[in-house]
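These notes concern the structure reproduced below.
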Amino acid sequence: MNRPETSALVQLTLWRLREFTREPEALFWVFAFPILLALALGIAFKGRGPEVVRVAVEAGPGAEALAQSLNADGRIEAAIVDSAEAHSRLRTGRVALVVGAGDPLVLRFDTTRVESDIARLVVVNAVQESAGRRDVAVIRDVRVTEPGARYIDFLIPGLIGLNIMGTGMWGIGFGIVKARNDRLLKRLLASPMRKSEFMLSFMLSRLIFLGFEVGAVLLFGLLMFGVPIRGSILAIAAIVVIGAMTFSGVGLLVASRARTIEGVSGLMNFVMVPMWIFSGVFFAYSHFPDGMQPVIRLLPLTALNDALRAVQLDGVALAATAGPIALLVAWGALSFVVALKVFRWQ
Amino acid sequence: MPEAAIKCRELVKRYGDLTAVAGIDLDVRRGECFGMLGPNGAGKTTTIEILQGLREPDGGEVEVLGLTWDRHEGELRQRMGTQLQETKLPEKLKVEEVVRLFRSFYRRGRSVDEVLALVALEEKRTAWVGKLSGGQRQRLAVACALVCDPDLLFLDEPTTGLDPQSRRQLWGVIEEFRRRGGTVLLTTHYMEEAERLCDRVAVVDHGEIIALGSPRELIASLGAEHVVEFALEQGEAPPDDVLAALPGVEHVARENGTTHLTVSRVHQVIPALMRLLSERGASLSELTTHHASLEDVFLNLTGRHMRDE
Ligand SMILES: Nc1ncnc2c1ncn2[C@@H]1O[C@H](COP(=O)(O)OP(=O)(O)O)[C@@H](O)[C@H]1O
Ligand SMILES: [Mg+2]
């Protein structure tokens with residue numbers, strides 16, 4: 001029976017953990033960074049009721065009265081400026097719409113900007129109402145801001161996925177390239193150490209902190225913004241563990257041949273940046289064209305984010321995420337096997 | 001049990017156009033300390049790493065402890081200890097953690113305490129590797145090599161860059177390993193190290209063995225025990241054949257304006273040399289004598305000094 005002191009896998013994993021806990025910067029990036037990011041984005045997009053619509057009124061006859069009647073609507077913020085200034089503000093996005101008083105009233109705006117379209121509707125409504133329009137249908141507004149449907153709810157699982165990818169890749173990549181440069185890998189090769197155990201220790205060491213890492217973000221979302229956890233914690237744990245293993249495998253593969261820190265950084269960015277953009281971390285990947293969807297769905301971070309959101313926000317059972325999980329396992333296993341094959345030890 | 005601890009024949013390794021190892025034959029006997037002595041770039045590291053199964057040779061045969069790397073890698077790795085040139089052990093780990101890590105790779109071996117005592121690092125056992133001095137790090141590297149209680153120890157320039165005290169400390173560790181019957185193959189470019197530690201030495205230059213024997217035999221091959229070195233302030237040094245004709249001179253070598261005479265009887269050579277120089281109107285800027293060493297062997301064979309500092 002192997003005691004812990006004599007088990008190479010235990011000792012190798014302890015090595016990884018010590019390298020990590022004895023590096024204060026690493027701790028910051030893993031724990032504090034996602035929370036700070038969630039805080040900043042959560043505040044920036046916090047539901048504050050309908051947005052204020054900013055418009056410029058061109059100076060001229062009737063401008064004064066028009067501005068007054070627009071400002072009477074709580075949603076509109078109208079300022080009178082001369083024509084050149086009004087256009088410059090429109091161009092630089094400080095106003096969504098320029099209004100020219102007169103008959104007919106002139107509205108200038110850019111149809112490619114969503115907020116301009118909204119501004120036009122709001123302004124038209126205010127102008128018509130103050131001119132005495134009578135509504136024919138009766139409408140009652142009911143405002144809803146339900147936890148689970150806000151931006152912050154979308155964001156928290158995405159940040160967890162992002163963090164699992166980032167720590168898996170950076171933590172492993174730098175550690176391996178440094179050991180390679182220090183000729184430490186060669187020294188290990190000269191011993192009877194099993195190569196697979198060396199690789200496995202990187203994956204195992206990720207598990208130890210994962211609970212804290214993910215728990216911190218989940219708890220922060222729950223306490224600070226009331227982001228719900230609708231599915232089972234165990235299901236989330238299972239997905240997180242599988243995701244962490246997957247990205248450790250990918251990290252090993254990325255670091256398997258690089259000789260310099262610059263080289264491995266470049267490679268990691270090459271692998272990760274597309275997933276930051278396409279895998280639905282900060283916004284839904286349904287924004288991308290239909291033709292790209294099958295490719296996007298094959299990315300491991302897409303699978304991880306989808307599975308996390310389904311369980312956390314929609315409360316589905318683990319079995320319902322079998323597809324994304326199978327994809328993650330495939331990525332992880334394939335990367336690990338290829339990394340072991342092509343690994344450069346010296 | 002086969003007699004040879006290491007046996008290799010016609011070892012060749014090329015890097016592009018450069019032939020780093022140009023046909024080396026070695027027979028290291030069990031229980032002996034064998035040294036490869038040579039300047040930087042001679043091919044020592046390449047050779048010792050091929051023997052350890054860390055680089056593939058382009059040609060030649062290698063047998064270690066009667067086994068081959070192709071067929072017995074697992075067993076060989078269990079039985080050899082190694083220290084590689086330029087390995088940096090993990091700086092964030094403590095001394096005892098590093099030794100425990102290496103111990104965990106082997107089926108059998110010594111305890112962490114035992115090994116730390118062997119290299120006199122008990123007091124540093126909880127210090128971070130990053131905080132150790134150069135000599136302490138090197139002793140830790142040797143501790144990691146000894147932790148499996150190896151039959152065979154490979155050391156690649158174990159004392160390069162160390163101060164004299166640290167060097168002597170490491171020599172003590174290696175001698176202790178020898179006393180327990182271990183076999184050592186070490187490389188060095190310090191002749192004192194080879195003279196003190198090695199039973200036999202192969203002098204290596206440009207990937208070839210240019211002399212082989214015990215330090216005493218190699219020095220004796222100079223045919224004389226002393227070396228007279230001189231440099232001139234003005235005038236020209238006499239030609240080799242004139243110097244060689246002086247009584248007791250066995251060999252003449254020149255390097256960077258200094259002339260080296262290998263001599264058997266210093267008391268006869270010096271007066272004759274002074275007479276010769278004054279006849280030719282030359283005056284000395286420097287004159288020294290010393291016992292012949294392996295350095296002189298290398299100089300006589302190659303016309304160069306071993307160390308280029
Ligand atoms: N991996 C390598 N690639 C190319 N050239 C190398 C490599 N390793 C060593 N050499 C060259 O081979 C020669 C012998 O090197 P080495 O075995 O390190 O010598 P030593 O250990 O005696 O200083 C040197 O000229 C060195 O530059
Ligand atoms: Mg060398």
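Every chain is numbered from 1, with letters handed out A, B, ... down the list of sequences.
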Under 4.5 Å from a heavy atom of chain B, the part of A/E197 involved: neither
Heavy-atom neighbours of B/E176 CD exceed 12 at 6.0 Å: yes
Under-4.0 Å salt bridge between A/R22 and B/E97: yes
Contact leader toward chain A among B/L93, B/L89, B/L84, where contacts are heavy-atom pairs under 4.5 Å: B/L93
Spatial distance of atom CG (A/D182) from atom OG1 (B/T87) [nearest 0.5 Å]: 9.0 Å
Expected output: side-chain A/R187 to main-chain B/T82 donor-acceptor under 3.5 Å: yes
Residues, nucleotides or ligands: over 12 heavy atoms within 6.0 Å of B/E61 CD: no
Portion of B/C148 that has a non-hydrogen atom of chain A nearer than 4.5 angstrom: neither
Heavy-atom proximity to chain B below 4.5 Å, by part of A/L185: neither
From B/Y106 atom OH to A/M193 atom CE, the distance as rounded to the nearest 0.5 Å: 10.5 Å
Atom NZ of B/K13 with >12 non-hydrogen neighbours under 6.0 angstrom: yes
Chain B-proximal positions within residues 251-265 of chain A [heavy-atom distance under 4.5 Å]: none
Side-chain donor or acceptor of A/Q346 paired with backbone N/O of B/L54 under 3.5 Å: yes
Given B/E86, B/Q52, B/R55, the one that forms side chain to side chain contact (heavy atoms under 4.5 Å, CB included) with A/K186: B/R55
Pairing of A/E19 and B/K92 as salt bridge, 4.0 angstrom limit: no
Nearest heavy-atom neighbours spanning A/A8 and B/S104: CA-OG, 3.3 Å
Side-chain heavy-atom pair A/L188, B/F102 within 4.5 angstrom cut-off: yes
Atom pair CG (A/L14) and CZ (B/R100), whose distance is rounded to the nearest 0.5 Å: 8.5 Å
A/F212, CZ: over 12 other non-hydrogen atoms inside 6.0 angstrom: no
A/F270 atom CZ, over 12 foreign heavy atoms within 6.0 Å: no
Heavy atoms from other residues, nucleotides or ligands near CH2 of A/W331 exceed 12 (cutoff 6.0 Å): no
Pick from B/E49, B/M80, B/R103, B/E91 with the largest number of heavy-atom pairs that fall under 4.5 Å of chain A: B/E49
Any donor-acceptor pair under 3.5 Å from A/R194 side chain to B/F105 backbone: no
